[in-house]
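The sequence lines fix the lettering, A, B, ..., with proteins before strands; numbering per chain opens at 1. Worth saying up front: this structure is predicted, and the values here are computed from it rather than measured.
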2 protein chains.
Amino acid sequence: MRTALEKARKDPESMKARILAAARGVFGEYGFHGTTTRMIAKKVGIDISTLHYHWGDKKDLFEAVILDMNRDLGRELIEVEKSIHGRPLGERMKIAIAMTTDYLFAHPEISNLVLHRYFSKTRHEVNLDFKVTEFTGDIARSMGLTTDPKKTPPQGMLEVLTVMNGIHNFVSGENFFRPMVKLDREEYITMVKETLQFVLIAGFTNREGKELQKV
Amino acid sequence: MRTALEKARKDPESMKARILAAARGVFGEYGFHGTTTRMIAKKVGIDISTLHYHWGDKKDLFEAVILDMNRDLGRELIEVEKSIHGRPLGERMKIAIAMTTDYLFAHPEISNLVLHRYFSKTRHEVNLDFKVTEFTGDIARSMGLTTDPKKTPPQGMLEVLTVMNGIHNFVSGENFFRPMVKLDREEYITMVKETLQFVLIAGFTNREGKELQKV
DNA sequence: GCATGATTCCATCATTTGATGGTCAAAATA
DNA sequence: TATTTTGACCATCAAATGATGGAATCATGC
């Protein structure tokens with residue numbers, strides 16, 4: 001399956017890649033059990049047997065989707081880290097929130113998939129590393145929430161999760177939340193960024209201020 | 001169905017109530033499509049035909065579950081509001097976060113169901129009011145995030161959603177996050193509360209401080 | 001052009017799953 | 001007690017769904 005993924009990545013026009021892209025979207029919207037292989041095949045405009053030919057069974061395809069999504073998310077986080085390197089904490093967070101929010105709104109299926117995996121059980125075990133721990137630790141280090149670069153303390157992990165999940169929530173919940181506030185998409189995205197920056201940053205900068213005072 | 005719900009509420013030992021309780025749990029864990037009527041029936045220890053006899057089809061049962069969960073959540077929010085009434089903002093939020101977190105960790109299927117409805121589509125439309133808008137507005141007013149008690153501005157709604165979802169995330173994602181931080185359940189709950197209070201409150205109290213200075 | 005392998009679809013299967021009819025026992029009612 | 005109503009289960013159905021075999025088609029290298 002690893003090779004299949006690589007093939008799909010090489011040529012985005014290939015059938016493998018088209019199926020993978022469609023699967024990302026549908027699995028994201030409906031979850032694993034809410035998605036049928038027929039739904040994916042229909043979206044691509046092919047027969048289900050073609051789908052199975054390229055990706056094996058439903059679980060294999062799902063795992064490929066997770067790996068693929070994981071890679072994209074990881075790359076984006078690296079981009080973010082590049083952009084914030086060296087700046088003061090408040091600014092780092094502000095930029096990181098804005099960049100990540102924009103990116104995820106452009107690829108909402110990523111947030112969908114992430115949240116599904118957090119909150120939903122699958123009847124048959126899907127065993128995948130998912131890299132969340134790794135990513136979370138990286139972000140924590142990048143935000144200076146830990147001194148030991150090897151392992152992040154629980155507190156730092158939960159703090160990062162609070163921020164990341166705050167973003168995912170508004171991206172993935174757009175269909176639900178946007179009608180509540182009656183904004184068009186652009187306004188919604190802007191207001192989400194402002195709200196997240198307003199709510200999520202102050203705690204961290206306040207703490208840093210206190211620590212600096214001590215010194 | 002309304003009547004069936006009332007019957008179930010009257011006698012928690014009744015078959016209707018037992019099915020409803022089991023359904024809450026299973027729908028919460030696996031989502032609508034991930035749940036089979038057989039899973040629920042098995043959990044109760046009855047035949048599926050008995051389940052259908054009491055609750056009609058799967059969608060009817062699911063809607064009853066949502067209504068039931070909704071009522072419980074609404075009641076809890078009223079309790080919270082009673083406890084925080086009249087206190088200063090920072091304290092209000094601290095207590096509200098602590099109470100709500102404790103309550104939801106004691107009834108995690110509520111968070112599960114809420115998040116599933118936010119983030120997951122259902123193949124066949126389930127039409128339910130879900131009261132989120134109402135609840136969110138109530139909380140916004142209770143937190144003093146709006147001057148007009150009739151309608152809450154989008155900003156206030158998103159701010160409340162940020163906080164509520166922050167809580168739901170850690171409750172519903174316990175199976176995923178707790179192994180990441182290697183804490184036992186009690187430690188995890190304590191640290192979640194501390195983290196949420198740390199991250200989510202400062203923005204609001206900072207702003208209030210600024211507004212007070214202006215006056 | 002032709003042979004070989006890769007790809008796609010059609011037809012079909014087996015299993016899962018939502019749902020129901022009919023039977024029987026228990027409980028309520030007369 | 002006799003009768004009706006309610007509640008539970010067994011057997012079974014129909015549709016949905018994951019999956020596959022095999023034929024047909026297309027592409028590629030010779």
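- With rounding to whole Å, A/His33 atom NE2 is found 13 Å from C/dT16 atom P.
- Rounded to a whole Å, the CZ atom of A/Arg18 is 12 Å from the C1' atom of C/dT7.
- Heavy atoms only, all atoms of each residue included: B/Glu29 and B/Asn112 are closest at N-ND2, 4.2 Å.
- Counting non-hydrogen atoms under 4.0 angstrom, B/Thr35 reaches the backbone sugars and phosphates but no base.
- Comparing A/Arg38 and A/Thr50 by the nucleotide of DNA chain C whose heavy atom lies nearest to each, the residue mapping closer to the 5' end is A/Thr50.
- Put simply, CZ on B/Phe62 and CZ on B/Arg24 are 12.5 Å apart, with the number rounded to the nearest 0.5 Å.
- Residue contacts shown for A/Asp57 are limited to sugar-phosphate atoms, with no base heavy atom under 4.0 Å away.
- As a whole-Å value, the separation of B/Lys42 NZ from C/dT17 C1' is 15 Å.
- Within the 4.0 Å cut-off from OP1 or OP2 of C/dA6, not a single side-chain nitrogen or oxygen of A/His54 is found.
- Between A/Tyr53 atom OH and C/dA6 atom P the separation is 7 Å, expressed in whole Å.
- By the 4.5 Å heavy-atom criterion applied to side chains, B/Ile40 and B/Leu61 are counted as neighbours.
- Both B/Arg123 and B/Ile46 lie near DNA chain D, and the one whose nearest nucleotide falls closer to the 5' end is B/Ile46.
- Protein atom NE2 of B/His52 is 12 Å distant from nucleotide atom P of C/dG21, rounded to whole Å.
- In terms of heavy-atom proximity, A/Phe204 sits nearest to A/Leu89 at O-CD2, 3.7 Å.
- For A/Leu51 and C/dT8, the CG to P distance is 11 Å, given to the nearest whole Å.
- Between A/His33 and A/His116, the ring center distance fails the sub-6.0 Å criterion.
- Using modelled atom types, no side-chain atom of B/Ser142 and backbone atom of B/Asp138 make a donor-acceptor pair closer than 3.5 Å.
- You can see that DNA chain D meets the heavy atoms of chain B within a 4.0 Å-exclusive cut from D/dT6 to D/dT17, reading 5' to 3'.
- Residue B/Phe62 contributes atom CZ, which lies 16 Å from atom C1' of C/dG18 at whole-angstrom precision.
- A sub-4.0 Å separation between OP1 or OP2 of C/dC9 and a side-chain N or O of A/Ser49 is absent.
- By the 4.5 Å heavy-atom criterion applied to side chains, A/Glu79 and A/Leu77 are not counted as neighbours.
- Between A/Ile48 atom CD1 and C/dC13 atom P the separation is 14 Å, expressed in whole Å.
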